[in-house]
Protein chains: 2
Amino acid sequence: MTINAQLLEKYKMHQPTIIDIARQLGLSKSTVSRALTAHPNVNEKTRQRVLELADKLDYQRNQLAISLLTNQTRTVGIMVPEFISFFFPKVIIGAQEELAKAGYNVVICHSNESYATEVTSAKSLFASRVDGLIVSHTKETRNFDHFRTFTRKGIPVVFFNRVWENEEVSKVVVDDYTGAYQAVEHLIQTGRRRIAHLSGPDTLPNSRSRLNGYLDALKHYDVPVDPSLVISYDLTLEKANIYVNHLLNLPEPPDALFAINDPTAIEALKVVKSRGLRVPDDLAIVGFSDDPISALIEPGLTSVAQPVSEIGQEAARLLLAHLTASADQPAAPTTVTLPTRLVVRGSTGS
Amino acid sequence: MTINAQLLEKYKMHQPTIIDIARQLGLSKSTVSRALTAHPNVNEKTRQRVLELADKLDYQRNQLAISLLTNQTRTVGIMVPEFISFFFPKVIIGAQEELAKAGYNVVICHSNESYATEVTSAKSLFASRVDGLIVSHTKETRNFDHFRTFTRKGIPVVFFNRVWENEEVSKVVVDDYTGAYQAVEHLIQTGRRRIAHLSGPDTLPNSRSRLNGYLDALKHYDVPVDPSLVISYDLTLEKANIYVNHLLNLPEPPDALFAINDPTAIEALKVVKSRGLRVPDDLAIVGFSDDPISALIEPGLTSVAQPVSEIGQEAARLLLAHLTASADQPAAPTTVTLPTRLVVRGSTGS
DNA sequence: ATCGTTTTTGGGAATGTTCCCAAAAAAATA
DNA sequence: TATTTTTTTGGGAACATTCCCAAAAACGAT
């Protein structure tokens, strides 16, 4: 906690400041500041002298001091539960490009699906005074107080993919319901009747929407719903493996599987193969997200594609709308829903 | 540039400070500060009063002010050229876990393989006064002045994967040479003689090391080197596709391919299949990195595995060593070399 | 030369926090 | 009770910057 050692250190490794420049040129810090910030009220000759010395001293402005004074960091935090699969990285890139155009920097936090980490990261981002937040929360998150800390202080928060419901925040989602509906419809139309669904935790809105799409498609085509074919699980591959095996061990096993996401679908594919069964003959499989890997495996995985980069771009745009809104004309909370698209490959028929 | 509007805004959305707390309790900011930082010299009863009010006002400390004063942000920047493939995300997670243990936050920047973006990000990270940097640079980077800005001011920089050579910085690399050697050795031992190599830009040290491993393995087993089989390219999939086709169109096409990385190898596999040829019968293929996808495709891709998380952990440890080193006992620049391991799958034989 | 205008510069406050040193209050001792 | 010791508190400086306002300098016109 004590900073004596650092103070000493600091003295040794002193970074040049505008005061150093001012002193060396016999100017005031105000003038140097003006010269460095392209302010009009400064003599051109003076500016050149300042710029020259700044360059010579390798002066680098201290953003901390500026942020403290102006109360804005021009930094946006992006929080995601993981970034091993292609989805979150691609969303982040989409958002970052949009934010960079507007002159914002991005700090990325990954909670690793841990609620505790998410809370810690949120507190840390708040302490360093990010101007806004883009979030997809963990599957454990039920309490959203750590995000309320932001909204209460007027710091905009935009959710995507996994969104905070019933609240005055903007969101970007995809049409999970229709995506799921079309996936199941496709399975029915290719002759499947016993369609299993590996669903996610029902705390996740998108998981519930996909489940509803699944149920409504069955209902619409008069396919009876067998509760033993609907399994809600924690999205880990270990559990996916166990439940797929469980389904195949049923006295009347399913002839098709609609998985909540592609990793789950791919795990299912591996299980089916390892049991000497064939895809799609013995089990047709559909995933969700259209991970690039889905096109590479054999057979190709039928999957519900979502416009990944656009999700990030939209989230960034919504955030920027809030960021540039003024107190007298605030931006209203908006929900953007992007379309999904079924991509048919070998896993549901030749 | 003008902040009038923001100043007004700020007044409206005033965040509670220790001065607010002090005023309301009739204390000085010093005492409140002590209460909040668990300083011993404060009356227990006073501390409770402060903590209570801080909680009630939803006080959140302003890290900017603290960082400005202490001249340390407890934040580390990590710069990577991309994070769509699994490699960089996994390195980042490894590093982040290690840094979090030591109480450091992480800011992630991805340069998108653009030198200009890398320079901008580096400047921005410097301006916000990160305490250290972990970097894998872009394939375009030849000028390292933007990193010298850090080292010159005594801010530690650790490179990994793509490293800055001949400089006084710490590095984490894998044994690319041996990895490549063993890959090619394996191809020779499984009966291949015309082994092509898709290499990366020779500005990248790891690319050169892999090329040397390839050449030495051929030399050791008296396999003649055919320069027309060695192609250095820019690591884009488009070019990979073109060059693989080019190789297969040769009058004497290769019977094996050692690719600089897994995405290249997978692209090659697609090309071979699309031409109605078979892997490994017509062309054996080896990749580098052991991307998880390599185990999922058909046939499985033989690849040189590297300890990905460990790379991140080691980089973090090296950085922490520099960070905790004092002026009187500085940490010496160190290069850590981690082992590689050949993982044999179907793409080089049954 | 004098006055009015414009351009350029300097001084000081403000941002939120921690640390040092001194002062005040409380507790312990004589 | 008076004195010493310990605990607790307050005041001010420092961090690097920008902005506002006033002062100074330069310029132009009479």
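Source: prediction; values computed, not measured. Per chain, numbering begins at 1; letters A, B, ... match sequence-line order.
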Participant: Within this structure, what is the CD1-to-C1' distance between I66(A) and dT17(D), rounded to whole angstrom?
Facilitator: 6 Å
Participant: What's the closest nucleotide to the N41(B) side chain, out of dT18(D), dT8(D), dC19(D)?
Facilitator: dT8(D)
Participant: Please tell me which of the listed nucleotides, dT18(C), dT9(C), dG16(C), lies nearest to the side chain of R61(B)?
Facilitator: dT18(C)
Participant: Should the ring pair F147(B) and W164(B) be called parallel, tilted or perpendicular, given that the plane angle runs from 0 to 90° and is split at 30 and 60?
Facilitator: tilted
Participant: Looking at S33(A), does any N or O in its side chain come under 4.0 Å of the phosphate oxygens OP1/OP2 on dT18(D)?
Facilitator: yes
Participant: Rounding to an integer number of Å, can you tell me how far R23(B) CZ sits from dG16(C) P?
Facilitator: 11 Å
Participant: Can you name the nearest heavy-atom pair linking L318(B) to S170(B), along with the distance?
Facilitator: CD1-CB, 4.0 Å
Participant: What orientation do H110(B) and F83(B) show, parallel under 30°, tilted 30 to 60°, or perpendicular over 60°?
Facilitator: tilted
Participant: If I take atom CD1 in residue I19(A) and atom P in nucleotide dT18(D), what distance separates them, rounded to the nearest angstrom?
Facilitator: 11 Å
Participant: Report the distance from atom CG of N62(A) to atom C1' of dT17(C), rounded to the nearest whole Å.
Facilitator: 14 Å
Participant: In this structure, how many angstroms lie between the P atom of dT8(C) and the CG atom of L25(A), rounded?
Facilitator: 17 Å
Participant: Nearest to the side chain of A65(A), which nucleotide is it out of dT17(C), dA16(D), dG11(D)?
Facilitator: dA16(D)
Participant: Just how far, in rounded Å, is C1' of dC27(D) from CG of N43(A)?
Facilitator: 13 Å
Participant: Look at T46(B) and dT9(D) and indicate whether a side-chain polar atom (N or O) is within less than 4.0 Å of OP1 or OP2.
Facilitator: yes
Participant: Taking the nucleotide of DNA chain D with the closest heavy atom to each, which residue, S28(B) or R129(B), is nearer the 5' end?
Facilitator: S28(B)
Participant: Respond yes when some side-chain nitrogen or oxygen of R34(B) is under 4.0 Å from OP1 or OP2 of dG10(D), and no when none is.
Facilitator: no
Participant: Check the distance between dG11(D)'s P and L27(B)'s CG and give it to me in whole angstrom.
Facilitator: 11 Å
Participant: Does the distance from a Lys or Arg side-chain N to an Asp or Glu carboxylate O, for E118(B) and K123(B), drop under 4.0 Å?
Facilitator: no
Participant: Give a yes/no on whether any side-chain N or O of T31(A) is located under 4.0 angstrom from OP1 or OP2 of dG10(C).
Facilitator: yes
Participant: Between Q48(A) and E44(A), do the side chains contain a donor N or O and an acceptor N or O under 3.5 Å apart?
Facilitator: yes
Participant: T37(A) has a side chain; which of dG10(C), dG16(C), dT18(D) sits nearest to it?
Facilitator: dT18(D)
Participant: How would you label the contact of T17(B) with the nucleic acid (heavy atoms, under 4.0 Å): base, sugar-phosphate, or nothing?
Facilitator: sugar-phosphate
Participant: Within this structure, what is the CG-to-P distance between L68(A) and dT18(C), rounded to whole angstrom?
Facilitator: 12 Å
